[in-house]
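In what follows, a single structure is set out as structure tokens and then discussed.
Remember, it's 1-based here, ligands and their atoms both numbered in the order they're listed.
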Amino acid sequence: MAKVAVLGYGTVGSGIVEVINTNQELIAKRVGCPVEVKYILDLRDFPGDPYENLVVHDVDVIMNDPEVEIVCEAMGGTGAAYAFTKAALSKGKSVCTSNKALVAEYGTELIELAKANKCNYLFEASCGGGIPIIRPLRTSLSPEKIVAIKGILNGTTNYILTRMEQEGADFDSVLKDAQALGYAEANPEADVEGHDACRKIAILSSLGFGKTVYYKDVYTEGITKIAMEDFAYMKQLKATIKLLGMSREVDGEYFAMVAPFVLTRENPLYNVDDVMNAILVTGNTLGDTMYYGAGAGKLPTASAVVSDVLECVLHKGIHLSSNWAPEKLALADAALAEWKFFVRVPKADEAKIQQTFGEVKMLESVKDGEAAFVTPVMSEKVYKEKAASLDVISMIRMEG
Ligand code: HSE
């Protein structure tokens, strides 16, 4: 019998209990013993809940119980979750989490602590919700030098952009729907301003490139400035707009960024809609592989946490190594990355466009009083120097 404690009985925590109980029999078969939730830690009581008798309010009950081998941290945040994770790992209890904020902030330290205590700090659910991506990076792709990771890493923003494009829906009402469906973070600013995707690309890049990528070093832009007019122009470009988290190596330099990008139909990420996430990983000998699935939501996220629980049961007393080393990965200045740029300017600036940018692709204006075009490939630094002479309404980078 493997006994588990779940910290936090919110959306993900209650999902973890549900997955373990729904699939009790097949889980027992797969790991060779029953897996049982012994405690649920929460400040609240849950009268009438089928698992109300498992609820405790004192974390020490869990920490001091030698029967509890695995702790699922579903509290979120970097306060108590950090303290409780450290306490559990120090006692040799493995911790499985969906908490990308904690993994991105303290992952290096917590992995090292797990290593020192012959247990594991696993976080499959931290990136891409239910998509298996952390384990493939840790195991299946281990012979590869990873050269690029590009992903739609936030379900809430993908859901919002998809509905804006398909229904002409307005941003605020779609965000409310995403919150009601349990996709959004407690503070949805983390989703719409790109902070959530930023933490995820930092985690994936740390595993992929083998050194710690600090999320604070990753240039990040959200989707709040994307307008209906932008989508109207996309029809002419046979393209769409997606929030991407991406990192890549170019001639020995590493770039990482989160921003909305224009993706044309040829891009494998073009058709990833609604709450779905996808991650395109490029290895030096393997080429491209893509991972697709539900990027947010109670049960997909919980299923990924439980997959880590089963890894821990199967590897009791063994620390599972990963490529994520404590050394910091220095990121190159994002302004040196090269793209094409989709730009909207006031009609009054139209005469200056070609003079400034050279051979551009002009688009048919969808709004009175403005002009829109796509630049040739250039670094962002050069783009900004040129764009300074125009009164730019909006700019979106183009991928690929
Ligand atoms: N708020 C996150 C998202 C939840 O929308 O993707 C999953 O990490």
Atom indices of ligand 1 within 4.0 angstrom of Lys200 heavy atoms, with elements: 2 (C), 3 (C), 6 (O), 7 (C), 8 (O)
Among all protein heavy atoms, pick out the one at the shortest distance from atom 7 (C) of ligand 1; state its residue, atom name and that distance to 0.1 Å. Gly295 O, 3.5 Å
Distance col, row Glu105:CD vs Tyr82:OH, nearest 0.5 angstrom, shows 9.0 Å
Of the non-hydrogen atoms in Arg30 and Leu314, which two are nearest, and what is the gap between them? O-CD2, 4.1 Å
Considering distance alone, does some N or O of Ser126 sit under 3.5 Å from an N or O of ligand 1? no
Worked check of side chain to side chain donor-acceptor pair (under 3.5 Å) between Lys91 and Asn117: CA-CA 7 Å; Lys91 286 185 171 262; Asn117 289 282; over 6 Å; no
Please report the interatomic distance OG1(Thr157) to CG(Leu244), rounded to the nearest 0.5 Å. 10.0 Å
Ligand 1 atoms nearer than 4.0 angstrom to some heavy atom of Asp191 are 1 (N), 2 (C), 3 (C), 5 (O)
Scanning both residues in full, the closest heavy-atom pair of Met75 with Ala80 reads CE-CB, 3.7 Å
If the threshold is 4.0 Å, N to carboxylate O, is there a salt bridge linking Arg135 and Glu311? yes
Look at atom 6 (O) of ligand 1 and say which protein heavy atom is nearest, naming residue and atom and giving the distance to 0.1 Å. Gly155 N, 2.7 Å
Ala184: numbered ligand 1 atoms lying under 4.0 Å from its heavy atoms: 1 (N)
Which ligand 1 atoms, with their elements, are less than 4.0 angstrom from a heavy-atom of Glu185? 1 (N), 2 (C), 4 (C)
Could you check atom 5 (O) of ligand 1 against the protein and tell me its nearest heavy-atom contact, residue, atom and distance included? Thr156 OG1, 2.6 Å
